[in-house]
K.L.:
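This structure is in structure tokens; I'll ask about it shortly.
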Amino acid sequence: MDIHPIEPEKRQAVLAALEQIERQHDVRVLMACESGSRGWGFSSPDSDYDARFIYVHRQSWYLSVNERAGVGEAQRDVIELPIDDELDISGWDLRKALRLVSKSNPTLSEWLRSPIHYRGDAQATSELQDAVQQFHSPLGSWWHYFNMATANHRGYLKGERVRTKKYLYVLRPLLACQWIESDPSPPPMAFEDLLDRLLPGGHVRTAIDQLLETKRRSAEVADGPRISAISDFIDMELERRTNAAPQLGAGQGDAAALDELFRSMLARHAPR
């Protein structure tokens with residue numbers, strides 16, 4: 001089974017949408033990837049496609065006296081297409097992306113490590129990946145994933161019946177926390193990479209593998225009874241971290257170097 005399924009016609013639809021965005025907004029798409037459950041590796045047959053991209057305007061867009069959006073209005077640094085039943089396509093301007101790099105934003109880091117790429121400039125993507133690595137904050141990333149796990153656990157896993165995917169929406173960030181505690185690098189986006197490193201075997205892994213099989217062949221709204229092995233594991237791991245958060249380092253990136261990177265990328269990658 002392909003755990004990262006992208007139907008050929010959907011890939012073509014995403015690529016066509018990206019080309020339209022470039023023409024309509026006069027930008028260049030630097031990279032585009034899948035960011036949702038298809039990228040994580042536990043999509044259902046009816047899961048939508050969550051395409052995300054980073055783009056850059058012409059240099060003059062960043063240097064005009066009056067912003068293109070109008071005097072007194074902030075320039076938009078996000079491009080979003082209307083969401084339909086299957087495609088959810090949106091992206092961030094390069095300057096916004098680099099600001100998020102400086103804050104060690106885990107979502108942007110995941111985009112750049114997605115196992116599904118729609119298109120991209122190899123040099124620009126490599127430059128962004130290097131910057132993410134330099135600014136990576138284990139402390140900030142850990143709290144991002146821990147808060148995600150606790151919020152989903154509190155909101156969705158307290159009953160005797162739960163939506164299947166909500167277990168995975170707690171397990172993935174929880175295992176990301178565990179990864180960060182033992183490895184200084186950003187955690188992988190693909191869920192099975194986390195599993196293979198952190199839960200290579202045992203009864204909990206068996207229960208998760210069964211859950212994944214169910215999720216991959218069931219509708220997004222499917223629910224089921226509480227799974228004791230997984231629930232007990234989640235409860236134990238969350239309680240342990242709630243009572244004793246790890247001591248981790250913060251990001252060490254150089255803001256001046258990031259400014260230089262932005263100017264350099266504009267010179268080399270902006271539309272002509």
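Along the sequence shown, residues carry numbers from 1.
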K.L.:
Work out which heavy atom in Glu34 is nearest to a heavy atom in Met189; give both atom names and the distance.
P.N.:
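In this case the closest contact between Glu34 and Met189 is O-CE, 3.4 Å.
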K.L.:
Flag the pair Glu237 and Arg240 as a salt bridge only when some basic side-chain nitrogen lies within less than 4.0 angstrom of an acidic carboxylate oxygen.
P.N.:
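Salt bridge between Glu237 and Arg240, a charged N being under 4.0 Å from a carboxylate O: yes.
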K.L.:
Ser228 and Arg226: which non-hydrogen atoms are nearest, and at how many Å?
P.N.:
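Looking at all heavy atoms of both residues, the shortest contact is OG-NH1, 3.5 Å.
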K.L.:
Checking ring-ring contact (aromatic ring centres under 6.0 Å, His included) against Tyr169, which of Trp40, Tyr145, Tyr156, Phe191 comes through?
P.N.:
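Testing each of Trp40, Tyr145, Tyr156, Phe191 against Tyr169, the sole residue satisfying ring-ring contact (aromatic ring centres under 6.0 Å, His included) is Trp40.
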K.L.:
Does the distance from a Lys or Arg side-chain N to an Asp or Glu carboxylate O, for Asp223 and Lys166, drop under 4.0 Å?
P.N.:
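Here Asp223 does not pair with Lys166 in a salt bridge, since their nearest N and O are not under 4.0 Å apart.
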K.L.:
How about Glu9: does its CD atom have over 12 heavy atoms from other parts shown lying under 6.0 Å from it?
P.N.:
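It does: Glu9 CD has more than 12 such atoms within range.
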K.L.:
Please find the pair of heavy atoms, one from Phe135 and one from Val101, that lie closest to each other, and give the distance.
P.N.:
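That closest heavy-atom pairing would be CB-O, 3.2 Å.
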K.L.:
Group every Ile, Leu, Val, Met, Phe, Trp and Tyr by side-chain heavy-atom contacts under 4.5 Å, then state whether Ile3 and Tyr118 land in the same group.
P.N.:
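In one cluster: no.
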K.L.:
Any chance the side chains of Asp235 and His153 put a donor and an acceptor closer than 3.5 Å?
P.N.:
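Yes - a donor-acceptor pair under 3.5 Å links their side chains.
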K.L.:
Between Glu110 and Arg172, does any side-chain N to carboxylate O distance fall below 4.0 Å?
P.N.:
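Between Arg172 and Glu110 there is a salt bridge, with a charged N closer than 4.0 Å to a carboxylate O.
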K.L.:
Determine, for Glu22 against Arg28, whether the closest basic-nitrogen to carboxylate-oxygen distance falls under 4.0 angstrom.
P.N.:
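Here Glu22 does not pair with Arg28 in a salt bridge, since their nearest N and O are not under 4.0 Å apart.
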K.L.:
Considering non-hydrogen atoms only, spot the tightest contact between His57 and Ala270 and give its length.
P.N.:
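What the structure gives for the nearest pair is O-CB, 3.3 Å.
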K.L.:
Identify whether Val78 and Val14 are in the same connected component of the hydrophobic contact network (ILVMFWY, side-chain heavy atoms under 4.5 Å).
P.N.:
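Cluster IDs for Val78 and Val14 differ.
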K.L.:
Salt bridge or not between Asp193 and Arg197? Use side-chain N to carboxylate O under 4.0 Å.
P.N.:
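So Asp193 does not pair with Arg197 through a salt bridge.
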K.L.:
Taking Arg38 first and then Asp50, would you say they form a salt bridge - that is, a charged N and a carboxylate O separated by under 4.0 Å?
P.N.:
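Answer for the salt bridge query: no.
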K.L.:
Search all heavy atoms of Asp77 against all heavy atoms of Lys96 and return the closest pair with its distance.
P.N.:
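In this case the closest contact between Asp77 and Lys96 is O-CD, 3.5 Å.
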K.L.:
Between Asp93 and Arg99, is there a salt bridge with N-O shorter than 4.0 Å?
P.N.:
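A salt bridge is absent here (no side-chain N lies under 4.0 Å from a carboxylate O).
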K.L.:
Assess whether atom CG of Asn243 is packed by more than 12 heavy atoms of other residues, nucleotides or ligands within 6.0 Å.
P.N.:
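Counting neighbours around CG of Asn243, more than 12 heavy atoms of other residues, nucleotides or ligands fall under 6.0 Å, so yes.
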K.L.:
Spell out, yes or no, whether Trp143 and Leu174 are grouped together once hydrophobic residues are joined by side-chain heavy atoms under 4.5 Å, including indirect joins.
P.N.:
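In one cluster with Trp143: Leu174, yes.
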K.L.:
Indicate, with yes or no, if the rings of Phe262 and Tyr62 have centres closer together than 6.0 Å.
P.N.:
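Phe262 vs Tyr62: aromatic centres under 6.0 Å.
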